[in-house]
Amino acid sequence: MNNSTFFFDIDGTLATYQKPVSHQLRKKLLYLKIKGHKIFLCTGRGYSDLPPNLLSIGFNGIICSTGAYLRIQDNVIWDCPFPRPLLLELYNYLRELKISSYFEGSSFIYRAEQGESLEKQFPAIDQLLQQPPSTMDAIYSVTFHLKQAEELPAITQWAQAHHLNLFMQTKLHGDNPTHSMLLL
């Protein structure tokens, strides 16, 4: 067999939040590498949300944050986070609508609570936004949680006006990945 490149998703494929990568699966992935194949991790998750036991396999490359971040070995070859002005505008817009959200960064996932208690394990986005731009963690996508379906048209209109791509996961839950996907 010729050397090939294999792309693997995480959720529902390699692992879940509740079930880490099995020892048997690790062995099979490493076997592919030993045979000279390249293995890539390709996920909508952000780099900060990748399980350490999965990263320890030593993928040849990682595509994450819905394509906004790509690294081959230790070299980042595509890095397209939200521009700070757009990030601030989005944060203020969600705050004005009182919509709770998660901001997925390269180092952490941040929370923005708007009357709804989000997981306290994540630091508040307010702290991050107060940092100087040069030291601020890059944000690649925003997950928000709507309370009512009637809130969706306003979010959709705002996203379209700002050339952002909106992916709906359920009726009241959606991701707003970085606009880079539309500009590729």
Side-chain angles (χ1 to χ4, degrees), residues 9-13 15-18 41-51 55 62-71 76-184:
D9 183 33
I10 298 175
D11 297 307
T13 308
T16 66
Y17 283 104
Q18 296 77 25
L41 190 58
C42 186
T43 180
R45 287 191 195 190
Y47 193 79
S48 63
D49 198 21
L50 300 177
L55 290 176
I62 298 172
I63 302 168
C64 56
S65 296
T66 318
Y69 183 85
L70 169 60
R71 65 189 304 155
V76 175
I77 62 169
W78 179 254
D79 186 16
C80 192
F82 271 95
R84 186 179 174 103
L86 181 60
L87 179 65
L88 291 170
E89 188 176 342
L90 175 58
Y91 168 75
N92 287 326
Y93 182 71
L94 292 172
R95 195 169 148 192
E96 177 184 313
L97 294 178
K98 297 180 173 44
I99 294 175
S100 294
S101 51
Y102 291 103
F103 290 73
E104 186 180 282
S106 56
S107 301
F108 294 102
I109 296 173
Y110 303 88
R111 71 184 194 288
E113 296 179 275
Q114 305 299 330
E116 178 183 326
S117 181
L118 299 177
E119 295 179 51
K120 297 294 184 197
Q121 69 192 37
F122 301 118
I125 188 72
D126 308 51
Q127 299 164 353
L128 177 72
L129 296 175
Q130 293 173 8
Q131 294 179 4
S134 60
T135 62
M136 192 175 111
D137 192 8
I139 300 295
Y140 295 95
S141 68
V142 177
T143 301
F144 53 87
H145 304 279
L146 302 178
K147 295 176 199 115
Q148 309 170 41
E150 291 76 26
E151 295 171 313
L152 185 57
I155 294 285
T156 302
Q157 185 177 8
W158 191 93
Q160 289 172 344
H162 290 82
H163 308 288
L164 296 172
N165 199 359
L166 183 67
F167 295 99
M168 293 306 297
Q169 294 174 330
T170 66
K171 192 172 187 179
L172 295 178
H173 178 232
D175 285 339
N176 194 345
T178 179
H179 66 290
S180 64
M181 295 303 296
L182 297 174
L183 301 176
L184 291 177

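We use all heavy atoms of the structure for the numbers below, so side chains are in, but hydrogens, waters and symmetry mates are not.
No donor-acceptor distance shorter than 3.5 angstrom exists from the side chain of Asp137 to the backbone of Gly105, with no hydrogens or angles considered. A donor-acceptor pair under 3.5 Å links the side-chain atoms of Thr43 to the main chain of Arg45, judged by distance alone. Checking side-chain atoms of Asp79 against main-chain N and O of Leu70 turns up no donor-acceptor pair under 3.5 Å.
Smallest separation of non-hydrogen atoms from Ser65 and Gly46: OG-CA, 3.4 Å.
Residue Ser141 holds its OG atom at 9.5 Å from CG of Asp49, rounded to the nearest 0.5 Å. Phe82 contributes atom CZ, which lies 10.5 Å from atom NE2 of His162 (distance to the nearest 0.5 angstrom). Between Ile10 atom CD1 and Leu41 atom CG the span is 4.5 Å, to the nearest 0.5 Å. A distance of 7.5 Å separates SG of Cys64 from OH of Tyr140, quoted to the nearest 0.5 Å. With rounding to the nearest 0.5 Å, the separation of CH2 in Trp78 from CD1 in Ile63 is 12.5 Å. Between atom CD1 of residue Ile139 and atom CG of residue Leu87 there is a gap of 6.0 Å, rounded to the nearest 0.5 Å.
Looking at Tyr91 and Glu96, their side chains never come closer than 4.5 Å, going by heavy atoms from C-beta outward. Between Leu90 and Trp158 there is a side-chain heavy-atom pair separated by less than 4.5 Å. Taking 4.5 Å as the limit, every side-chain heavy atom of Ile109 sits out of range of all side-chain heavy atoms of Phe103.
Under the rule for a side chain to side chain donor-acceptor pair (under 3.5 Å), Ser48 has no partner lying at least two apart in sequence or in another chain. Every residue two or more places apart in sequence or in another chain that forms a side chain to side chain donor-acceptor pair (under 3.5 Å) with Arg71 is listed here: Tyr47, Tyr69.
Between the side chains of Glu104 and Thr143, no donor N or O sits under 3.5 Å from an acceptor N or O.
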